[in-house]
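As structure tokens, the structure follows; a few thoughts come after it.
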Amino acid sequence: MNTATIASMEHSMFTLSGTTLAATGAQTVNAALLVSALLFAIGLVGFLSRRNMIIMFLCTELMFQASALALIAFGKVHHDLSGQVFVIFILTVAAAEAALALGLVVLLYRRRETLDSEAWSELRETA
Amino acid sequence: MLELASISNLANLTPAVIGEAASAAIPAAVPSPEFAWAGLILLLPAISAVLCGVCAAMGVKNKLPGAITAVALLAAFATTLSLFLKMPQDAPRVIHLFDWVAFAWTGQGATWTSFLAPFSLYVDSLTLLWMLFVTGLGSLIAIYATEYMEADVGKGYARFFGSVSVFLFAMGSLVMGGNLILLYLGWEGVGLASYLLIGYFYSKPSAVAAAKKAFIMNRIGDLGLALGVFLIWMNYGTVEYDALFKALAAGGEGATSEWSKAAIPYCLMLGAFGKSAQIPLFVWLPDAMEGPTPVSALIHAATMVTAGIYLIARTFPLFALEPHALTVVAIVGCATALVAATIGMAQYDIKRVMAYSTVSQLGYMFLGLGVGTTFGAVYHVFTHAFFKALLFLCCGAIMHGMAGQLDLRKMSGLRNVKGFGVISWTFLIGCLCLAGFPFTAGFFSKDSIIAQAFASGNPTFTLLGWIALFTAFLTAYYTFRVWFRVCGGPTKYEPGDEMHGHGDDHGAHDHGAHDHGGHGHGGHGHGGHGHGGHGAHEWHPHGPRLAINGVLLLICAGAILAAVPSYLGEMQHQPNWVETMVSHSSAAGGIPSHDHAGGDHAAHHALSFTGIADVHAATSVVASAAGILGILVAVFFHLINRGAADRLRAALLSNGLTRWLPLALENKWKVDEIYHVVFRLPAWVLGHVLHAVDKQIIDGVVVNGTARLPAELGRLFQPLYNGALQGYAATMAGGIALIAAWVFWIWMQGG
């Protein structure tokens, strides 16, 4: 997906919406939101379809960054820097969380000698 | 023959006198607080019941409860006797003891309605007559029972005498109560006492079944009585006898409707038929013989079962108001007399024969009430109380001495057994009375009933009179069948099943054979050989001692003397003592006097063929002939030629046409079986259907179904909780997607 394609998509969206926003700004925001949605969708599909716990963890990170991107985009729409400030916080938290989650995965691996999440399916209703 | 006719004339009402008494209204009651001590007649048995209860609680191991009861009942008898002697009997006396039930409320139009049932006694000559034999026989039988029940000393002894005391209290309240509510209290009380005493041997299933049967059958009758009392209150606004008779004399003011007035005697009748064991409610009385024999004698022969006759005699004016009520009473009574007599002919258990005989004689009493001779009915109650109590006590004494033997095929010639002399000869007197042998008490009382049936001139009653005469023949036959089999003939006997196992014959094993439970008690003074529990070889029958023999002789004297009023009345050419007593009470109220012209309009009556103009004399002759014929038949079949009875039975059985007869008689016309199919089976089926509906529909669908619903819903979603991480994640994502779609849809609608 090259920039030209994205630009043309943004252009077409802009022409359809017909708002009073400045053309360049609106194009950027729309592109950012689209990227965010795509990232989130990829992450969700990955999370639902893969069983390797590290891949699943990476997928959650993808969805995480997608939401961060959406925050930045909305911050631009509203001319508010809070969105970017939040993202800085989120990055920090994400770093800590990544360390914790990887640690957990390592621990889980040591218990069962496998990364398959199906090995950890005791948490259920038994009929 | 002429002499016979003239003497028997005295057995019967002098018609003019009865007519005179009937035309006079029932006198208003006189409040008599000075006779308040008459309350002792009720109080003494009540105290005795409480003391017996205390004895039972303290586990008294001697004959104290029996002594307490005997003394209390004798004192009650003495009180009754002094009341009888001191109270003027010109008018009924009302003795107010204390207020009991008293309600008053305002109805429509601010009129006051009240329901008053004070604890008061209504004492007239009918009450006194009844209480004399109730307390008299009650105390004698209590004395008899002190010896008879001695095997149970320390076990059921106190319970037995406590129940007897309760019975006497209830019977007193039934007879002496001044209103129908007190009568109802007594009515239920005697039912309770009867239930307790029939079920005295409660470890025996047949006794428990008999007790329940008696109680339930009586409930059916009691329903009728309760409805009758309610209808009386509704129509006449009172349940007190005195006010009721006044209201009746005034023409029943305030009556609500005709049908409810007409229903009163039929409701009361149902109660009377239940308590007095008439068709259709008679089947409980023979089974009630499961109780100890003194109870059979006291409750189920002499006193309680006559409560129905008392009820109708007391409320006779109500029956006289309704044209068909008395005819129904007469027909039911006569049918019961015949059916029970036929069953009694074919039973082998002597106590059971006497039970059916009681049912049959009660039928005679109802016949007497129905044809309008309350005197005949009450006189028969009076004489029957003595001779039937005597017969039962003799059966009990035989049973006591023969280890529970009651089968008349297994005993013979007891008159020659040492110690059984008193029993045999008093038994004979009782049998003569029951058979209506000329110049015995039973003869006079029974004839006065049958004669009235013929004298009334009503064709229905005449037919009933013929049936009653035939029944008199049957009565004489079955009575002497028992006496000749048991006391006549060669001496031969075997002990009952209290000695060795259970009897194997169908006729005898379901009766109260364990009656006195005489196992190995040592109080009989038999010099060395213990009777009971020591094996058949050592067994000897033991005759009764003083208490039983003495009571037998006293009651025998009573049975003979019961005829005296008739002789005295004849000699003085005036109504006899019992007749005077009855005619001065409410039992004489409402009797249409023209019915009593019978003796005078000589020429045509059903018995004219005898050539005797007076219907009463003619009846006496014919009834004596019927009785003596019955005795002669019994002599032939059961004394001279015992084999003939068996051959006759075999001949009847072998012939296809007559085969049903002995089978029907021996099987009691299969009434129990018919009731089982007609009433019990449908009720049983209905019960099980309702039970199934309750279990399946109410419990199964409604209650448990509601409880199962959340569980089933939960089970529907349960597969979502499969433990797979992706599963949970997919569910969550799906949920979010659904919410998002919903929000989007709302947004589209709004936009």
Side-chain angles (χ1 to χ4, degrees), chain A residues 13 16-19 33-34 36-67 70-71 74 97 100-109 111-127, chain B residues 682-751:
Chain A
M13 285 170 85
L16 279 173
S17 68
T19 56
L33 281 176
L34 187 67
S36 161
L38 283 172
L39 273 179
F40 190 87
I42 291 165
L44 183 64
V45 170
F47 186 84
L48 292 179
S49 58
R50 301 298 295 267
R51 288 191 190 168
N52 185 313
M53 284 191 284
I54 292 179
I55 301 292
M56 287 165 73
F57 173 65
L58 289 179
C59 288
T60 59
E61 287 298 316
L62 263 184
M63 291 188 276
F64 211 19
Q65 302 314 319
S67 61
L71 279 174
F74 285 122
E97 174 252 315
L100 193 65
L102 281 172
L104 278 171
V105 169
V106 170
L107 274 177
L108 292 171
Y109 177 79
R111 287 278 178 96
R112 295 281 159 95
E113 292 290 325
T114 174
L115 285 171
D116 191 347
S117 66
E118 280 294 298
W120 299 94
S121 58
E122 283 88 10
L123 191 64
R124 66 177 169 195
E125 284 287 327
T126 49
Chain B
W684 186 88
V685 169
L686 181 67
H688 277 77
V689 166
L690 290 179
H691 178 74
V693 166
D694 181 49
K695 275 281 160 209
Q696 301 303 323
I697 309 283
I698 308 292
D699 280 1
V701 175
V702 180
V703 176
N704 288 341
T706 312
R708 210 177 292 123
L709 192 65
E712 291 299 332
L713 277 175
R715 199 160 291 127
L716 201 64
F717 292 103
Q718 194 259 339
L720 293 177
Y721 297 88
N722 55 5
L725 198 52
Q726 277 84 7
Y728 295 145
T731 310
M732 199 176 91
I736 290 169
L738 276 176
I739 291 170
W742 185 55
V743 169
F744 184 67
W745 185 70
I746 298 282
W747 179 67
M748 285 293 281
Q749 297 281 313

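Keep in mind that what you see is a predicted model, and the values were worked out from it rather than measured. Every chain is numbered from 1 and lettered A, B, ... according to where its sequence line falls, protein lines coming before strand lines.
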Going by the salt bridge (Lys or Arg N to Asp or Glu O under 4.0 Å) test, which pairs reach into residues 699-708 of chain B, not counting sequence neighbours? Lys695(B)-Asp699(B)
Locate the shortest heavy-atom distance separating Leu48(A) from Ala730(B); write the atom from each residue and the value. CD2-N, 3.4 Å
Is there a donor-acceptor pair closer than 3.5 Å between any side-chain N or O of Gln726(B) and the backbone N or O of Arg50(A)? yes
Listed by residue number, which members of residues 51-66 of chain A have a heavy atom under 4.5 Å from any heavy atom of chain B? Arg51(A), Met56(A)
Provide the closest heavy-atom pair for Ala724(B) versus Ser121(A) in the form atom of the first, atom of the second, distance. N-CB, 4.2 Å
